[in-house]
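Single-structure report; data block below.
Letters A, B, ... mirror the listed sequences (proteins, then strands); counts begin at 1. Given the structure is predicted, the values throughout are model-derived calculations rather than measurements.
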4 protein chains.
Amino acid sequence: MTAKRQARFKSLRDSSKERIEHAALELFAKKGYGSTSISQIARAAGISKGLMYNYYKSKEALLEAIVQKSFEWGKEMFTAGVAQTEKPEDLLRYVVEASVAAVLEKPVFWKLMTSLAFQEEVLKAMAPEIEKLRKHNVALGNEIFTALGYTNPVEQALLFAASIDGMFFHYILSDGSYPLEGVKNLLIDKFCHPYKE
Amino acid sequence: MTAKRQARFKSLRDSSKERIEHAALELFAKKGYGSTSISQIARAAGISKGLMYNYYKSKEALLEAIVQKSFEWGKEMFTAGVAQTEKPEDLLRYVVEASVAAVLEKPVFWKLMTSLAFQEEVLKAMAPEIEKLRKHNVALGNEIFTALGYTNPVEQALLFAASIDGMFFHYILSDGSYPLEGVKNLLIDKFCHPYKE
Amino acid sequence: MTAKRQARFKSLRDSSKERIEHAALELFAKKGYGSTSISQIARAAGISKGLMYNYYKSKEALLEAIVQKSFEWGKEMFTAGVAQTEKPEDLLRYVVEASVAAVLEKPVFWKLMTSLAFQEEVLKAMAPEIEKLRKHNVALGNEIFTALGYTNPVEQALLFAASIDGMFFHYILSDGSYPLEGVKNLLIDKFCHPYKE
Amino acid sequence: MTAKRQARFKSLRDSSKERIEHAALELFAKKGYGSTSISQIARAAGISKGLMYNYYKSKEALLEAIVQKSFEWGKEMFTAGVAQTEKPEDLLRYVVEASVAAVLEKPVFWKLMTSLAFQEEVLKAMAPEIEKLRKHNVALGNEIFTALGYTNPVEQALLFAASIDGMFFHYILSDGSYPLEGVKNLLIDKFCHPYKE
DNA sequence: AATGAATGAGGCTTCATTCAT
DNA sequence: GATGAATGAAGCCTCATTCAT
């Protein structure tokens with residue numbers, strides 16, 4: 001059964017569709033959506049230029065599919081843990097750890113998502129979903145920092161989110177030399193043990 | 001007579017250049033460098049397509065000029081205050097306040113600079129200068145947090161920088177609803193008054 | 001199956017390439033390389049503007065391909081006869097006859113090659129090959145006229161070459177009324193039967 | 001008086017108009033008419049781009065003026081001698097010597113004229129005059145070679161003209177190493193002293 | 001006479017997309 | 001599924017030309 005499943009998995013991984021998405025993700029993240037051509041993607045994926053249009057209506061549809069998948073994947077990485085965790089300190093810690101784990105596993109996703117945030121024109125189709133996720137996160141942050149006894153949970157949540165994103169931002173652009181572990185621990189500390197004036 | 005004529009030409013040039021740079025900055029920041037066309041810039045600047053090439057060798061040269069200017073401007077906003085400030089708490093506070101002031105004054109600059117960080121291909125010409133600035137900032141951060149008596153100045157400096165950038169990141173993408181003031185104050189607090197376990 | 005498909009593609013390619021090269025040759029020769037636009041070539045070849053770039057990297061690459069082919073073709077027309085001919089009179093005669101045959105068969109080639117000689121900027125890529133051929137011809141001329149017993153073989157060879165090229169020059173520019181046959185015979189006579197003072 | 005005339009001459013030589021024509025001639029000859037831009041001419045002439053249009057209606061009008069002048073100049077160099085010379089041998093010799101003198105004095109003129117011969121589109125305006133000159137030359141050649149007692153004066157004249165043009169052709173393209181003097185003498189010999197079988 | 005800013009058509013080239021096979 | 005030839009719109013850039021001064 002496992003062999004079968006692996007076979008299916010492998011055929012999925014090696015299918016043309018997967019190779020297209022993989023190549024596109026890499027290139028979009030590296031050079032930007034607008035500066036990546038279908039030819040380049042096809043060459044990187046080892047397929048013909050026309051084949052992409054068997055799977056996606058257009059270049060933008062391809063991008064959307066990739067972003068959608070990365071969203072699903074991101075959600076999966078969180079839901080499990082968030083549901084199981086009760087204590088706010090643990091939840092906060094979990095959010096950080098899970099984010100870090102996600103970024104470490106697929107930094108390219110994160111890079112692409114961030115770079116897309118700067119392209120107003122692109123991805124208007126997904127804007128609602130993104131907005132929804134953002135609101136959800138703000139609410140979650142609020143909850144956590146209220147539970148932690150802060151008097152300014154909104155600001156705490158916003159700075160918390162900013163610190164995480166900023167940390168990833170620097171990590172992604174740093175060519176491997178960033179001490180992510182150390183910064184992450186400091187971040188957890190800073191928000192878990194407030195000095196409570 | 002010639003002087004008069006030259007003055008006239010200069011003012012013509014300056015006005016056109018300004019309009020071109022202004023339009024380009026807005027569009028590059030809004031839609032990304034690669035997705036902004038010369039036609040669009042010309043239309044937004046109210047000039048003909050060809051005129052840009054009287055002032056800049058190429059689209060990329062235009063970008064470089066803009067980035068260069070924004071750099072100069074950014075440096076100016078900092079140098080004065082940094083030199084005058086002595087106490088580390090004040091310096092840290094100054095860095096935050098000056099950054100916030102800069103971002104509030106010209107958010108588009110910041111947006112452009114950040115979005116360019118995600119376009120490896122573009123702007124290789126300026127990479128050295130950027131790297132230099134980055135190193136300078138890391139060193140400054142180290143200095144400040146050492147002076148503040150932290151045992152882990154490197155992580156503090158990195159998280160500090162990450163928090164600032166992340167805050168701006170969220171602010172820039174937030175369409176005006178971001179409580180920058182509150183988050184800024186919290187940020188200063190968090191790094192100025194360490195809980196010193 | 002794949003072989004069949006590939007054969008079909010190849011014939012498609014070949015047909016398009018041929019039409020492009022044919023049209024380009026005609027136009028380059030008629031109006032000059034610099035004054036011929038890709039649009040004109042595409043129109044004359046009955047293809048779209050973009051298609052040329054499936055086959056040639058640039059306008060200049062197209063020119064180079066054409067020149068290269070004409071070179072190969074020219075060489076072929078000579079090598080056979082030169083190798084077989086022994087007596088210097090016959091060789092000289094052969095050179096003239098073969099040149100005339102070549103020019104009569106593809107006058108456009110000759111016109112293009114000559115016009116390119118006046119465009120220093122263009123075709124620097126092929127300069128070495130051209131120089132090589134020139135030197136070869138000078139040496140051959142020297143040989144022939146030495147064998148013919150002339151005391152001034154260098155000048156004879158140079159004037160011989162000049163006469164041939166000049167004759168073609170006038171022929172090409174003459175709109176069909178040039179008595180090439182008569183001039184050719186006179187040329188052979190003049191250089192074969194020296195008056196030997 | 002001489003001083004005055006020289007001053008006038010100098011001012012003519014240095015006038016903007018002269019400088020424009022000079023620069024244009026050089027550039028047209030070197031890079032071809034189609035590949036020379038008004039900007040380049042203005043830069044080479046040390047004047048502003050617009051000034052050319054004070055003197056010439058268009059780029060093509062400038063070319064025409066240059067060609068016209070070179071024509072006048074060429075005619076002047078011939079008429080005097082042709083009228084004075086009686087004996088056909090001397091006339092033939094004179095034609096060669098005068099041509100060589102002309103080419104040696106202003107090789108650029110010759111280069112330009114020749115290169116223009118390959119641009120059908122350009123200079124249609126001057127075509128009639130060129131044709132007239134050509135016919136005149138053919139007639140003159142005919143006369144000379146008839147007078148010299150040749151039975152085939154037409155072919156002699158055509159080959160004679162071809163040899164001259166071919167010689168110049170090679171000379172112009174040879175970067176200074178061409179033994180023009182020797183070839184010229186041989187040419188005169190070849191056509192003056194026929195072997196008369 | 002002279003300048004150079006400004007224009008817009010047109011040149012070369014790239015690219016998303018289509019389609020016959 | 002898959003190919004790659006073919007298209008044409010659009011991109012960047014150059015250039016002859018105009019015009020206010």
Fill in: Ser37(C) backbone acceptor or donor facing Gln40(C) side chain under 3.5 Å
yes
Discussion item. Does dT21(F) have its OP1 or OP2 closer than 4.0 Å to a side-chain nitrogen or oxygen of Arg8(B)?
Written reply: no
Practice prompt. Would you indicate, yes or no, if dA16(E) has its OP1 or OP2 atom less than 4.0 angstrom from a side-chain nitrogen or oxygen of Lys59(A)?
Written response: yes
Worksheet item: Partner of dT21(E) by Watson-Crick or G-U wobble geometry, both contacts under 3.5 Å, or none?
Response: dA2(F)
Practice prompt. Between dT7(E), dA5(F), dG1(F), spot the one nearest the side chain of Leu51(C), thanks.
Written response: dA5(F)
Discussion item. Pick the closest DNA chain F nucleotide for Gly34(B) and for Lys10(C) by heavy atoms, then say which residue is nearer the 5' end.
Written reply: Lys10(C)
Fill in: Euclidean distance, atom OH of residue Tyr33(A) to atom P of dC15(E) [Å, nearest integer]
13 Å
Discussion item. Looking at Lys49(B) and dG10(E), is any side-chain donor or acceptor paired with a base atom of the opposite kind under 3.5 Å?
Written reply: yes
Item to complete: Using whole Å, report how far CD of Gln40(B) lies from P of dA10(F).
Response: 11 Å
Worksheet item: Which listed nucleotide (dA6(E), dA2(E), dA6(F)) is nearest to the side chain of Asn54(C)?
Response: dA6(F)
Practice prompt. For dA6(E), take OP1 and OP2 only and decide whether either is under 4.0 Å from a side-chain N or O of Tyr55(B).
Written response: yes
Response to the item:
When rounded to whole Å, the CD to P distance for the pair Glu18(C) and dA5(F) reads 16 Å
Discussion item. From the set dT18(F), dT17(E), dT7(F), return the single nucleotide nearest to any side-chain atom of Tyr53(A).
Written reply: dT17(E)
Fill in: Separation of atom OH in Tyr56(D) from atom P in dA2(E), rounded to whole Å
12 Å
Worksheet item: Is the backbone of Tyr33(B) close enough, under 3.5 Å, to the side chain of Lys59(B) for a donor and an acceptor to pair up by distance?
Response: yes
Fill in: Toward the 5' end of DNA chain E, by each residue's nearest nucleotide, Ile47(D) or Glu60(C)
Ile47(D)
Worksheet item: Okay, side chain of Ser35(C), backbone of Gly32(C): is any donor-acceptor separation there less than 3.5 Å?
Response: no
Discussion item. Please tell me if Ser16(D) has a side-chain N or O lying less than 4.0 Å from either OP1 or OP2 of dA2(E).
Written reply: yes
Practice prompt. Consider the side chain of Ser58(C), meaning its heavy atoms from C-beta on, and name the nucleotide among dC15(E), dG8(F), dT13(E) that approaches it most closely.
Written response: dT13(E)
Worksheet item: Which base, if any, makes a Watson-Crick or G-U wobble pair with dC15(F), both distances under 3.5 Å?
Response: dG8(E)
Worksheet item: OG of Ser70(D) to CE of Met113(D): how many Å apart, nearest 0.5 Å?
Response: 4.5 Å
Discussion item. Could you check whether any side-chain heavy atom of Phe109(B) comes within less than 4.5 Å of a side-chain heavy atom of Val67(B), counting everything from C-beta outward?
Written reply: no
Item to complete: For Thr36(B), answer base if it contacts any base atom (sugar-phosphate contacts may also be present), sugar-phosphate if it contacts only those atoms, and nothing otherwise; contact means non-hydrogen atoms under 4.0 Å.
Response: sugar-phosphate
Worksheet entry | Interatomic distance where CZ belongs to Arg13(B) and C1' belongs to dT3(E) [whole Å] | 13 Å
Worksheet item: Starting at CE of Met52(A) and ending at P of dT3(F), how long is that distance when rounded to a whole Å?
Response: 14 Å
Fill in: Rounded distance (Å) that lies between atom P of dA2(F) and atom CD of Gln6(C)
16 Å
Worksheet, complete the sentence: Whole-Å distance, Lys31(B) NZ to dA10(F) P, equals 13 Å
Worksheet item: Side chain of Thr36(A), backbone of Leu27(A): donor and acceptor closer than 3.5 Å?
Response: yes
